[in-house]
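The block underneath contains the structure these notes are about, expressed in structure tokens.
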Amino acid sequence: MSSFTTPAASRGSSILFYLNGQRVVVDHPDLDMTLLQYLRSTRLTGTKLGCGEGGCGACTVMVSRYDTDESRIIHASVIACLCPLVTIDGKHVITVEGLGTSAKPHPVQERIALLHGSQCGFCTPGFVMSLYTLLRNNPSPTEHEIEECFDGNLCRCTGYRPILDAAKTFADIAWRQGTVAADGSIYVSEPKAKGGCGIDGCCRLQTSPEAVVADGGSAI
């Protein structure tokens with residue numbers, strides 16, 4: 001953890017951080033550059049530029065830091081379009097590309113795809129990262145906590161229902177053998193097949209999903 005907390009001043013005019021598990025040193029960083037601008041300049045285009053004002057959530061990433069007072073790692077969803085790059089010094093940034101691939105998606109990506117939570121795909125990386133951050137901090141969230149984690153994310157295609165349906169499969173009640181009902185609510189039932197979680201169409205029982213959301217759906 002020592003490299004996470006090395007102040008920039010002790011290294012001169014450079015910043016050090018981790019990006020999707022890789023050590024990154026930026027010499028003479030532009031003080032006006034945002035984290036989003038840097039990410040997209042490195043071809044990590046899954047993080048989208050939407051409104052550019054922090055209102056849509058399309059550029060959401062997860063930033064982790066070690067809290068010396070609490071002696072633990074804290075994960076936060078961050079709006080990259082408003083975050084100065086230099087403030088990432090000593091932290092770890094995870095983008096949607098750092099979660100999974102088309103061949104091996106992260107469960108968050110997989111379930112949003114399988115439950116039709118992505119249409120144009122532009123907003124999807126932001127939703128994925130908001131939910132992922134919540135789950136890193138709380139592996140068994142309530143349905144209300146899941147809804148609240150999306151407060152900063154906007155979608156113009158889906159009407160939100162399929163996104164919430166997918167997200168709520170991670171809720172504490174769902175993992176107590178729940179099932180997503182037709183109206184989107186979750187009720188307790190017996191698991192339908194060995195190895196599944198009990199959710200209708202459980203992604204763990206799907207052998208050939210038609211689509212997965214790994215890098216944001218588009219290269220825009």
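Side-chain atoms are counted along with the backbone in the values below, which use heavy atoms only and exclude waters and symmetry mates.
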| For the hydrophobic clusters of this structure (ILVMFWY residues joined by side-chain heavy atoms under 4.5 Å, transitively), does one cluster hold both L49 and M33? | no
Of V93, V78, V61, T34, the one forming a side-chain contact (heavy atoms from CB on, under 4.5 Å) with C83 is V78
In this structure, OG of S140 is separated from CD of E145 (nearest 0.5 Å) by 10.0 Å
Same hydrophobic cluster for V24 and I15, using side-chain heavy-atom links shorter than 4.5 Å among ILVMFWY?
yes
When every non-hydrogen atom of R23 is compared with those of L16, the smallest separation belongs to NH2-CD1, 3.0 Å
Point to revise | L99 and M129: CA distance, side-chain angles, deciding distance, side-chain contact (heavy atoms from CB on, under 4.5 Å) verdict | key: CA-CA 9 Å; L99 298 193; M129 296 311 302; 3.7 Å; yes
Side-chain contact test, heavy atoms from C-beta onward, threshold under 4.5 Å: evaluate it for T47 versus P125 and give yes or no. no
I want to check something: taking the side chain as every heavy atom from C-beta on, are V108 and F127 in contact at a cut-off of under 4.5 Å?
no
So do L19 and L39 actually touch side chain to side chain, heavy atoms under 4.5 Å?
-> yes
What one should report as the nearest heavy-atom pair of S64 and I73 is CB-CG2, 4.0 Å
OG1 of T124 to CD of Q119, rounded to nearest 0.5 Å, is 9.0 Å
task: State, with a plain yes or no, whether a side-chain heavy atom of I88 is found less than 4.5 Å away from one of V63.
output: yes
Q.
If you apply the rule side-chain hydrogen bond (donor to acceptor under 3.5 Å, both in side chains), what do you find for H28 with S13, and how did you get there?
A. CA-CA 5 Å; H28 308 292; S13 55; 2.9 Å; yes
With a 4.5 Å cut-off on side-chain heavy-atom distances among I, L, V, M, F, W and Y, is there a chain of contacts connecting Y18 to V25?
yes
- Task: Check the hydrophobic clustering (I, L, V, M, F, W, Y; side-chain heavy atoms under 4.5 Å; chains of links allowed) and say if L131 and I79 are grouped together.
- Result: no
In this structure, SG of C56 is separated from CZ of F122 (nearest 0.5 Å) by 7.0 Å
In short, C157 meets C120 closest at the heavy-atom pair SG-SG, 3.8 Å
Rounded to the nearest 0.5 Å, the NZ atom of K168 sits from the CD1 atom of I146 at a distance of 7.5 Å
Of all heavy-atom pairs linking C123 and L154, the shortest is CB-O, 3.4 Å
Are C81 and L36 packed together at the side-chain level, in the sense that at least one heavy-atom pair is separated by less than 4.5 angstrom?
yes
Scanning both residues in full, the closest heavy-atom pair of A167 with F150 reads CB-CE1, 3.7 Å
Notebook entry, point to check: Are more than 12 heavy atoms from other residues, nucleotides or ligands located less than 6.0 Å from atom CD of Q22?
Noted result: no
Original post:
Are L85 and F17 side-chain neighbours, meaning at least one heavy-atom pair lies under 4.5 Å?
Top reply: yes
### Beyond-backbone contact of M62 with H92, side-chain heavy atoms, under 4.5 angstrom
no
d(D30 CG, Y38 OH) to nearest 0.5 Å is 13.0 Å
Residue set satisfying ring pair (Phe, Tyr, Trp, His ring centres under 6.0 Å) with Y160, at least two apart, ordered chain then number -> none
Sorted by chain and residue number, the salt bridge (Lys or Arg N to Asp or Glu O under 4.0 Å) partners of D67 (sequence neighbours excluded) come out as R65
Between G46 and V96, the two heavy atoms sitting closest are CA-CG1, 3.8 Å
If you define the side chain from C-beta out and look only at heavy atoms, does anything of L115 sit under 4.5 Å from T169? yes
Contacts of N20 meeting side chain to side chain donor-acceptor pair (under 3.5 Å) (sequence neighbours excluded), chain-then-number -> T95
Rounding to 0.5 Å, atoms OG1 (T60) and OH (Y132) come to a distance of 14.5 Å
